[in-house]
> 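Submitted below is the structure of interest, expressed as structure tokens.
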Amino acid sequence: MLIKTDKGWRFAEEYLLEDFIWHSLESALDIIPIKRQFNIKGEYCDILAKTKNNQLVVLELKNCEDRYIIHQLTRYYHSLKLEQPFKDSIDYSQPIRLIAIAPDFHKHNFIDRNYSLLKFEFIRFSILTQVNDFYLHLFLEGRQEVRVQKPIPFIQNLPNKDNQEILLPEININLPPRILLNFLDNLSPPIKVEVLKLRDKILGSDQRIKEIKDVKSIFYGRGKTKPCCQFKFISSSQSHHLQCYLWLPLPKSLLRFNKKIGIGRMYLNYEPDFRTVKTITYWTQTSRCANALPIPIDIYLDEVGLDQTNKNIDKLFNLAVKLNLEIN
């Protein structure tokens, strides 16, 4: 989603910028992606990458001008130099490249850089139109300009409540509800990024899929009686946890009356990055406790006849949406 401001077009959310840059690293900057939202000593690097000769590259992305970006990259440098993650594929005898990408840079950024012992690269970006498409242009230092060849996939113009022009996907996806954003702000950045990406994916898959807000949950599907996904918010004074349920095929051990197939509400026990699943548990909406013991994801996939690549959450979301749309 893009929003038009007085300075031009920008991404509506920073995670959308990160997602687009991540998929364009090799073609635009000739570097190889390693990890997004990498957690090191309690801080999250937007993107870790490497050059073809295994030099580590750290990218910090900003959707607007930010006067503290040098400070952030300096802290990441310190932690990465101490911990040296991905040592098998990174040559730490080479200096770590530190890249800041933003639509513009504050004068304090240049002052901080001038007096730092580290070397920082500034890349300014702009979103420009060409015919009916929108392209991301990267302006490297030294007057070099790179245009990401893949257009930004947004095509429909609509005004928002502040009379800003918005570019939306073909299916009109509203901005995330405040209840979801407020809760995600209590979780780690990787979970927030992945949840918002999956939300857009579900709502953009078919016009029949709706977002239904409840007191402590958000459902997605063809109405509340035909859901395919539920995000449930669990909070206490000391912790916050997002429970994720998908309506997926029941394993054979839970099928009754000789049914060949059945769909049930399955609780996903996911990894900290919210990209892969460890175990899956049958848990009906009316039950306060799980209806069966957790099943390791590889065993579950075997039982329902799915390939092991489906342990990735995005694949399970695709399946849940597909099954939901096939139900009468």
Side-chain angles (χ1 to χ4, degrees), residues 15-16 18-26 33-38 47 150 153 169-171 173 176 180 184 187-211 217-222 226-232 241-255 260-283 290 292 294-327:
Y15 79 91
L16 296 170
E18 179 189 312
D19 195 54
F20 195 75
I21 292 284
W22 171 261
H23 289 103
S24 307
L25 283 178
E26 292 189 73
I34 297 175
K35 189 77 173 176
R36 295 169 60 174
Q37 292 297 323
F38 180 67
I47 293 176
K150 180 180 65 175
E170 255 184 285
I171 296 177
I173 301 175
L180 178 61
L184 291 178
L187 306 179
S188 68
I191 291 181
K192 181 175 182 177
V193 167
E194 293 303 318
V195 167
L196 291 175
K197 279 173 52 183
L198 289 168
R199 172 190 178 268
D200 286 354
K201 189 173 188 178
I202 292 175
L203 294 174
S205 62
D206 195 282
Q207 291 180 338
R208 291 171 289 173
I209 301 292
K210 306 299 181 185
E211 185 172 51
S217 288
I218 294 183
F219 292 86
Y220 299 88
R222 291 184 298 141
K226 292 182 178 179
C228 63
C229 172
Q230 178 190 3
F231 291 135
K232 188 173 182 180
H241 179 65
L242 181 74
Q243 289 186 349
C244 178
Y245 299 87
L246 294 178
W247 274 255
L248 294 169
L250 289 171
K252 293 178 182 177
S253 57
L254 296 177
L255 290 176
K260 292 184 178 179
I261 190 169
I263 307 298
R265 178 175 177 258
M266 310 298 287
Y267 168 69
L268 307 186
N269 178 22
Y270 50 81
E271 297 283 1
D273 61 2
F274 202 75
R275 291 186 182 177
T276 53
V277 176
K278 294 186 285 187
T279 62
I280 195 164
T281 309
Y282 179 47
W283 197 330
I295 305 172
I297 187 62
D298 53 344
I299 294 176
Y300 167 78
L301 294 174
D302 283 342
E303 280 204 38
V304 297
L306 292 173
D307 188 86
Q308 289 297 319
T309 58
N310 286 281
K311 64 177 62 175
N312 293 333
I313 282 185
D314 62 335
K315 296 282 186 70
L316 292 174
F317 269 71
N318 289 343
L319 177 60
V321 171
K322 179 176 179 290
L323 293 172
N324 185 266
L325 296 174
E326 291 174 351
I327 297 172

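For the numbers below, each heavy atom of this structure counts, side chains included, while hydrogens, waters and symmetry mates do not. Along the sequence shown, the residues carry numbers beginning at 1.
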> Kindly determine whether Leu250 and Met266 satisfy side-chain contact (heavy atoms from CB on, under 4.5 Å), including the steps that lead there.
CA-CA 8 Å; Leu250 289 171; Met266 310 298 287; 4.0 Å; yes
> Within the structure provided, determine whether Arg199 and Ile218 are in side-chain contact (heavy-atom separation under 4.5 Å).
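Counting from C-beta outward, Arg199 and Ile218 never come under 4.5 Å.
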> In chain order, what residues pass the side-chain hydrogen bond (donor to acceptor under 3.5 Å, both in side chains) check against Tyr300, with sequence neighbours excluded?
none
> Quick check for you: to the nearest 0.5 Å, what is the distance between Leu16 atom CG and Asp200 atom CG?
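That separation rounds to 6.0 Å.
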> Keeping to residues at least two apart or across chains, list the salt bridge (Lys or Arg N to Asp or Glu O under 4.0 Å) pairs with something in residues 296-310.
none
> Do you know which two heavy atoms are closest between Ile295 and Pro251, and how far apart they sit?
CD1-CG, 3.7 Å
> Mind checking what makes side-chain contact (heavy atoms from CB on, under 4.5 Å) contact with Glu26, not counting sequence neighbours?
Ile32, Pro33
> Checking Lys311 now: which residues fulfil salt bridge (charged side-chain N to carboxylate O under 4.0 Å, His left out) with it, not counting sequence neighbours?
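So Lys311 forms no salt bridge (charged side-chain N to carboxylate O under 4.0 Å, His left out) with any residue.
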> Applying side-chain hydrogen bond (donor to acceptor under 3.5 Å, both in side chains), can you list everything that pairs with Tyr282, at least two apart in sequence or on another chain?
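In terms of side-chain hydrogen bond (donor to acceptor under 3.5 Å, both in side chains), with neighbours along the sequence ignored, Tyr282 is linked to no residue.
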> Between CG of Leu268 and OH of Tyr245, what distance do you get to the nearest 0.5 Å?
9.5 Å
> Tell me, do Ile297 and Asn310 make a side-chain contact under 4.5 Å, heavy atoms counted?
no
> Excluding sequence neighbours, so at least two apart, what forms salt bridge (charged side-chain N to carboxylate O under 4.0 Å, His left out) with Arg265?
none
> Atom SG of Cys228 and atom CD1 of Ile263: how far apart are they, to the nearest 0.5 Å?
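Separation between the atoms: 11.5 Å.
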> How far apart are the closest heavy atoms of Ile191 and Leu187, and which atoms are they?
CG2-CD1, 3.9 Å
> Considering non-hydrogen atoms only, spot the tightest contact between Tyr220 and Ile202 and give its length.
CB-CG2, 3.9 Å
> Can you find a heavy atom in the side chain of Asp206 that is under 4.5 Å from one in the side chain of Val321?
no
> Locate the shortest heavy-atom distance separating Asn324 from Gly221; write the atom from each residue and the value.
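In this case the closest contact between Asn324 and Gly221 is OD1-CA, 4.1 Å.
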> Mind checking side-chain contact (heavy atoms from CB on, under 4.5 Å) for Asp19 and listing every partner two or more places apart, or none if nothing turns up?
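Here the qualifying residues are His23, Arg36, Lys197.
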> Tell me, please, which residues at least two apart from Tyr270 pass ring pair (Phe, Tyr, Trp, His ring centres under 6.0 Å).
His241, Phe274
> Who pairs with Phe38 by ring pair (Phe, Tyr, Trp, His ring centres under 6.0 Å), at least two apart in sequence or on another chain?
Phe86
> For Leu306 and Lys315: C-alpha separation, side-chain torsions, deciding distance, then whether side-chain contact (heavy atoms from CB on, under 4.5 Å) applies.
CA-CA 11 Å; Leu306 292 173; Lys315 296 282 186 70; over 6 Å; no
> For Lys322, which residues count as a salt bridge (charged side-chain N to carboxylate O under 4.0 Å, His left out) partner, sequence neighbours excluded?
Glu326
> Could you tell me which residues satisfy side-chain contact (heavy atoms from CB on, under 4.5 Å) with Lys278, sequence neighbours excluded, listed by chain and number?
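So Lys278 forms a side-chain contact (heavy atoms from CB on, under 4.5 Å) with Asn269, Glu271.
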> Once you round to the nearest 0.5 Å, how far does CD1 of Ile280 lie from CD1 of Ile299?
12.5 Å
> If you measure from CZ on Phe231 to CD on Glu211, what distance do you get to the nearest 0.5 Å?
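So the CZ of Phe231 and the CD of Glu211 are separated by 9.5 Å.
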> At their closest point, which heavy atom of Pro249 faces which heavy atom of Leu319, and how far apart are they?
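That closest heavy-atom pairing would be CD-CD2, 3.9 Å.
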> Side chains of Cys244 and Val195, heavy atoms from C-beta outward: is any pair under 4.5 Å?
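They are not in side-chain contact.
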> Between Glu194 and Gln37, does the side chain to side chain donor-acceptor pair (under 3.5 Å) criterion hold? Intermediate values first, please.
CA-CA 10 Å; Glu194 293 303 318; Gln37 292 297 323; over 6 Å; no
> Among residues at least two apart in sequence or on other chains, which ones pass side-chain contact (heavy atoms from CB on, under 4.5 Å) with Ser217?
Asp214, Phe219, Gln230, Lys232
> With side chains defined as the heavy atoms from C-beta onward, is the minimum distance between Ile313 and Phe317 less than 4.5 Å?
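Yes, their side chains come closer than 4.5 Å.
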> Taking all heavy atoms of Pro272 and all of Ser188, pick out the closest pair and write down the distance.
O-OG, 4.3 Å
> To the nearest 0.5 Å, tell me how far Leu180 CG sits from Leu196 CG.
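The distance works out to 6.0 Å.
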